[in-house]
Amino acid sequence: MSEEQGLQIRHLCKSFGITKALKDVSFDIAKGEVHALIGENGSGKSTLTNMLTGIYSIDSGTFTLDGKDVHPKNQVDANNQGISIIVQELGTLSGLTVAENIFLGHEERFIHAGFIRDTKAMNAEADRLLRLYGFERIKASNLVDDYNFEDRKLIEIVKATYFHPRIVVIDETTTALSQEGREELYKHMARIRREGGTVIFISHDLPEVLDKSDTITILRDGTYIDTVRSKDVNEEQLKKLMVGREMTGSYYRSDYGEKVSDEVVLSVKHVSVPGIIHDVSFDLHRGEILGFGGLSESGMHEVGKAVFGASFDRVGEVSLADGTQINDIPTAIAHSIAYTSKDRDNESVVINQSIRDNIALPSLDRLGIGKTGLLNWRKINDFADKYAKEMSVKMVAVDQFVSELSGGNKQKVVLARWIGKGSDIVVLDSPTRGIDIKVKQDIYQLMDQMRKQGKSIIMISEELMELIGMCDRIIIMKDGALNGEVKRSRELNENNLIEMMV
Amino acid sequence: MTEAAAVETSKESQIRSARRWKLIRALLPIAGLILMIIFFNYETNGRLLKHLPLAMSQVYVIMIASMGVFFIMTMGGLDFSQGSILGLSCIVVCAVSKYSIPLAILAGIATGAAIGAVNGYFYVRRKIKSFIVTICTMFLFRGLIKYLTTNSPVAGSPQLLMIDSTTFKVVCTAAVVAVGFVIFTFTKFGVYLKAIGAGEQAAKFAGIRTDRMKFMVYVLSGAITGFAAFISAIKIGSVTSSGGNMLETQILIALVLGGMPISGGAMARFGNCVVGSLLYVVLLSGLTMMGFTPQLMQLIQGIVFLVFVAIFADRDSLTVIK
């Protein structure tokens with residue numbers, strides 16, 4: 001392979017204000033390989049690919065693709081230079097048709113006489129591509145809004161790859177996909193590679209990375225660490241390279257066959273939320289970790305909200321052992337129920353607010369001067385500091401704003417809030433979503449501890465492995481209803497659960 | 001490990017410098033106030049300080065009313081109906097003062113609270129952006145004020161004017177501000193307001209009854225301005241169709257001068273409304289004493305307003321204005 005082939009990255013730097021996101025990163029990506037990019041949150045993976053695809057501007061450094069410098073001004077420009085990206089969140093625009101989305105920025109092919117767009121030809125071409133990819137069920141002339149998250153991701157695959165780009169960036173796309181969608185994506189990764197294109201693959205899922213990539217580059221804190229051949233390394237070695245130190249202790253809980261108490265602490269009876277979940281009933285026991293699994297749209301996320309009294313238009317009954325009805329959030333909190341949302345920045349942490357206020361918010365009643373109703377700020381400070389430290393939140397002081405923290409530390413702040421409040425029933429929706437290995441491990445250990453203290457946990461997650469690793473019982477949801485239940489066991493594997501999900 | 005340690009210390013120094021900026025930002029309005037007093041005093045050959053007590057007679061109404069708007073803006077809302085609230089409450093105060101002065105005070109407060117409740121109802125229950133709602137109510141109640149003063153200004157009881165004294169107004173203003181300060185800084189109320197401004201959805205999920213809070217703050221702000229109407233009425237003794245005109249803009253300029261972030265949230269400090277009102281009045285009197293015409297003064301105020309908004313706007317959170 002000649003020196004000129006593939007992508008050379010040289011001395012790449014990028015800063016956001018005072019934060020240095022990338023520091024002098026240089027490495028090569030060979031033509032025709034699947035090159036994985038891994039690292040903890042904030043290590044600079046997405047910053048790098050966003051610069052390559054023209055989403056961010058380049059501070060200094062160069063990208064050289066097949067011997068030519070590339071310096072895309074925007075995504076369309078990047079496409080024209082043979083580079084495309086599939087992003088983590090939704091990358092299609094609502095209100096446009098499937099065909100319009102696929103050819104967004106490249107409509108000129110179908111424009112005649114300067115301004116007349118040949119919609120028919122565009123739809124026909126889009127339909128042809130969709131058939132070619134094997135997505136016949138998606139119709140080019142329909143609005144993308146008619147399709148669910150999963151199908152819209154498939155549309156993005158077409159959009160990003162139909163023009164045979166030389167480099168396709170896949171940024172954490174698989175976390176949002178079901179097993180079926182993932183297989184579809186893997187198929188196309190293999191095809192691009194076969195046709196001589198290069199795939200840059202970003203993922204938190206190490207087994208997936210090892211299985212699907214040829215080469216792996218590790219970034220940490222914005223600096224380049226190493227590039228390794230996938231067949232030469234194992235998961236433990238990768239973790240060590242990412243974190244920069246040996247991972248010790250167990251990851252998930254290790255006990256099996258422990259008896260869960262029969263004492264019911266919370267019971268949900270015939271709960272429905274119009275259009276999202278219907279007729280959901282279950283009991284939560286003392287000291288139990290109850291898992292909820294399913295596809296993202298299965299309604300499992302709404303179950304968490306329903307238990308917390310946060311659902312709009314809920315019918316049915318959520319009650320505690322003493323018969324208290326939970327119908328709104330303040331009642332839920334007053335009766336020792338806690339909730340952390342999947343939408344961490346909007347629904348969990350008050351983002352533009354200090355760590356102190358975030359932790360103390362529901363506990364202010366206890367932090368006053370006697371019974372005067374006046375607040376004691378020293379007490380509040382100590383309280384927040386104590387629980388932030390207990391959760392080892394990476395911070396300088398509690399008056400720091402939450403918006404300055406990484407995803408994992410934001411999650412720790414929320415957990416510190418509820419541990420400080422002393423909640424006995426904790427609903428965790430996707431508690432480790434987008435969080436790096438080290439913090440994940442902390443959260444798992446914390447859950448195990450809480451369980452042993454007799455607290456009950458509802459864990460809602462799209463990651464089947466963590467449900468299997470942590471839960472005493474897993475309920476699988478499908479189309480808004482309960483679709484099966486399994487008990488904790490050593491023999492349980494992902495396939496047992498997937499069967500019930502789809 | 002040394003590298004990691006270096007990263008840590010650089011992070012720490014970053015946060016230190018960010019904190020220093022926060023402090024500078026907090027002190028800037030106070031420094032601005034002192035500088036402006038010195039500047040205008042020099043420009044007017046010492047007349048500013050000599051006539052300061054007179055100049056300050058304008059500050060009471062603005063400072064009291066701006067406190068309510070400060071609460072509203074802290075939770076991320078806006079209120080353009082303050083002028084109409086003041087005007088209408090003044091009419092009620094004047095009309096009722098013929099029967100009983102204490103009753104007039106209560107009636108003024110009740111009128112303000114009622115208009116605040118209208119604002120709150122449409123904002124919270126009908127989910128209309130606060131600035132749209134309050135622009136509507138500003139227009140609507142200004143119309144009512146004009147209707148009520150069609151034939152002649154509404155005159156209050158002569159007793160009203162007899163109450164007027166600097167001491168009385170200073171005591172009233174200081175009392176309102178002191179109570180407001182304690183409530184904002186040392187009760188859940190202030191913490192909740194800031195939380196709503198900094199992230200309403202998350203505040204709700206932390207157990208704050210956000211809708212109730214939002215409604216109550218509009219009612220409270222209206223009530224506070226209703227009390228300011230009493231202070232205004234004892235000074236003037238009657239209300240014309242332009243009573244309270246432009247108060248909303250004056251309040252906004254005052255708050256922005258005081259360093260209030262337009263989008264509210266955790267950066268709001270109680271000092272914003274106190275220092276801001278003083279700054280505004282000093283600016284106004286200084287310009288008057290320097291001989292600017294009212295027309296030109298509005299132009300200058302507009303420029304100052306725009307410049308300060310541009311400086312203090314926190315662009316990351318501008319989208320949260322409700």
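Letters A, B, ... mirror the listed sequences (proteins, then strands); counts begin at 1. Computed from a predicted model, the values in this text were never measured in an experiment.
- For A:D328, the part lying under 4.5 angstrom from a heavy atom of chain B is the side chain only.
- Without hydrogens or angle criteria, A:W377 side chain to B:T185 main chain gives a donor-acceptor distance under 3.5 Å.
- Nearest heavy-atom pair across A:L375 and B:V191 is CD1-CG2, 3.6 Å.
- Both the backbone and the side chain of A:L361 have a heavy atom closer than 4.5 Å to some heavy atom of chain B.
- Closest heavy-atom contact between B:M267 and A:F401: SD-CZ, 3.9 Å.
- Between B:F205 atom CZ and A:S348 atom OG the span is 8.0 Å, to the nearest 0.5 Å.
- With contacts defined as side-chain heavy-atom distances shorter than 4.5 Å, the pair B:Y192/A:L364 qualifies.
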Check your understanding: Can you list the steps and then say if A:I369 with B:F186 is a side chain to side chain contact (heavy atoms under 4.5 Å, CB included)?
Key -> CA-CA 10 Å; A:I369 305 167; B:F186 293 106; 5.7 Å; no
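- Scanning both residues, A:Q353 and B:A266, for their nearest heavy atoms gives OE1-CB, 2.9 Å.
- The shortest distance between side-chain heavy atoms of A:V350 and B:Q201 does not fall below 4.5 Å.
- Heavy-atom distances place the side chain of A:K305, and not its backbone, under 4.5 Å from chain B.
- A:P330 and B:G207 make their closest contact through CG-O, 3.6 Å (heavy atoms, listed as atom of the first residue, atom of the second, distance).
- For A:R417, the part sitting under 4.5 Å from any heavy atom of chain B is the side chain, from C-beta outward, and nothing else.
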